[in-house]
Amino acid sequence: VQLQASGGGLVQTGDSLRLSCAAFGRAVSSYAIGWFRQAPGKEREFVTAITGSAGSTYYADSVKGRFTISRDDAKATVYVQMNNLKPEDTAVYYCAAERWATAQGMATTDIRHIDYWGQGTLVTVSS
């Protein structure tokens, strides 16, 4: 499975962005897809995830109520709509795939166990 992330950019506080993660490969629907982010000087952290066909979701507390994850299996693409962005959301965002994982499971998984990573897309929120 290959993942291609896109949609990052420079925005102001309170603005919105939508990130996309296109998945290429076999049995994509059997993978939970998640988003992680890494700010300068900080460790990579979980943001949100969505399971395959069931579509259950899970969010980090820091983004709950502001970010919404969704997936379009026909397009093999996962989206995260990010609203009311804050400067602390500034980071490189990575999408990731883990087979047969749950959305909540991706929040606590050892990132070394993630099956596939996409390239990062930079989100910068100015104050």
Side-chain angles (χ1 to χ4, degrees):
V1 173
Q2 291 184 324
L3 304 174
Q4 185 172 353
S6 61
L10 172 63
V11 297
Q12 295 184 334
T13 298
D15 284 350
S16 299
L17 274 177
R18 189 179 77 160
L19 305 183
S20 300
C21 177
F24 304 92
R26 302 178 69 177
V28 170
S29 61
S30 67
Y31 287 82
I33 304 292
W35 287 91
F36 293 75
R37 66 186 182 187
Q38 188 165 18
K42 295 188 177 181
E43 293 186 350
R44 194 168 297 189
E45 65 175 4
F46 171 82
V47 177
T48 182
I50 187 167
T51 55
S53 57
S56 62
T57 60
Y58 194 78
Y59 298 90
D61 288 343
S62 59
V63 306
K64 201 172 295 183
R66 300 188 296 123
F67 290 14
T68 303
I69 191 170
S70 61
R71 68 187 291 159
D72 183 340
D73 282 331
K75 297 181 179 180
T77 300
V78 170
Y79 306 95
V80 57
Q81 178 67 40
M82 307 187 297
N83 297 329
N84 190 22
L85 284 162
K86 304 176 181 180
E88 51 263 42
D89 294 317
T90 294
V92 177
Y93 284 71
Y94 299 88
C95 59
E98 188 174 358
R99 199 168 192 192
W100 307 124
T102 64
Q104 188 170 355
M106 288 196 80
T108 56
T109 193
D110 185 330
I111 62 171
R112 293 172 296 180
H113 296 158
I114 296 291
D115 293 318
Y116 301 100
W117 291 95
Q119 88 288 3
T121 184
L122 176 63
V123 173
T124 304
V125 185
S126 64
S127 57

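Predicted model, so just to flag it, every value in this text is computed and none were measured.
Using modelled atom types, one side-chain atom of Asp115 and one backbone atom of Arg99 make a donor-acceptor pair closer than 3.5 Å.
Pairing each heavy atom of Ala101 with each of Ala32, the nearest pair is O-CB, 3.5 Å. Across all non-hydrogen atoms, the minimal contact from Ala91 to Ala39 is CB-N, 3.8 Å. For Ala103 against Thr51, the heavy-atom pair with the smallest separation is N-CG2, 3.2 Å.
Sorted by first and then second residue, the salt bridge (charged side-chain N to carboxylate O under 4.0 Å, His left out) pairs with a member in residues 15-27 form an empty list; sequence neighbours excluded. The salt bridge (charged side-chain N to carboxylate O under 4.0 Å, His left out) pairs that include a residue from residues 102-112 are Asp110-Arg112, where partners are two or more places apart or lie in different chains.
Other residues, nucleotides and ligands contribute over 12 non-hydrogen atoms within 6.0 Å of the NZ atom of Lys64. Within 6.0 Å of CD on Glu88 lie more than 12 heavy atoms contributed by other residues, nucleotides or ligands. Enclosure of atom CD in Glu45 by more than 12 non-hydrogen atoms of other residues, nucleotides or ligands within 6.0 angstrom is indicated.
No hydrogens or angles considered: nothing links the side chains of Thr121 and Ser6 as a donor-acceptor pair under 3.5 Å.
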- Task: Under the side-chain contact (heavy atoms from CB on, under 4.5 Å) rule, what do Ser62 and Arg37 come out as? Steps first, then yes or no, please.
- Result: CA-CA 12 Å; Ser62 59; Arg37 66 186 182 187; 3.5 Å; yes
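Think of Trp35 as one node in a network of Ile, Leu, Val, Met, Phe, Trp and Tyr side chains linked at under 4.5 Å; its network also takes in Val1, Leu3, Val11, Leu17, Leu19, Tyr31, Ile33, Val47, Ile50, Tyr59, Val63, Phe67, Ile69, Val78, Val80, Met82, Leu85, Tyr93, Tyr116, Val123, Val125. The hydrophobic cluster around Ile111 extends to Phe36, Phe46, Tyr58, Val92, Tyr94, Met106, Ile114, Trp117, Leu122, counting ILVMFWY residues whose side-chain heavy atoms fall within less than 4.5 Å of a member.
Atoms OG and NZ, on Ser127 and Lys86 in that order, are 14.0 Å from each other to the nearest 0.5 Å.
Scored by the side chain to side chain donor-acceptor pair (under 3.5 Å) test, Gln119 finds no partners at all (sequence neighbours excluded). Contacts of Gln104 classified as side chain to side chain donor-acceptor pair (under 3.5 Å), with partners at least two apart in sequence or in another chain: none.
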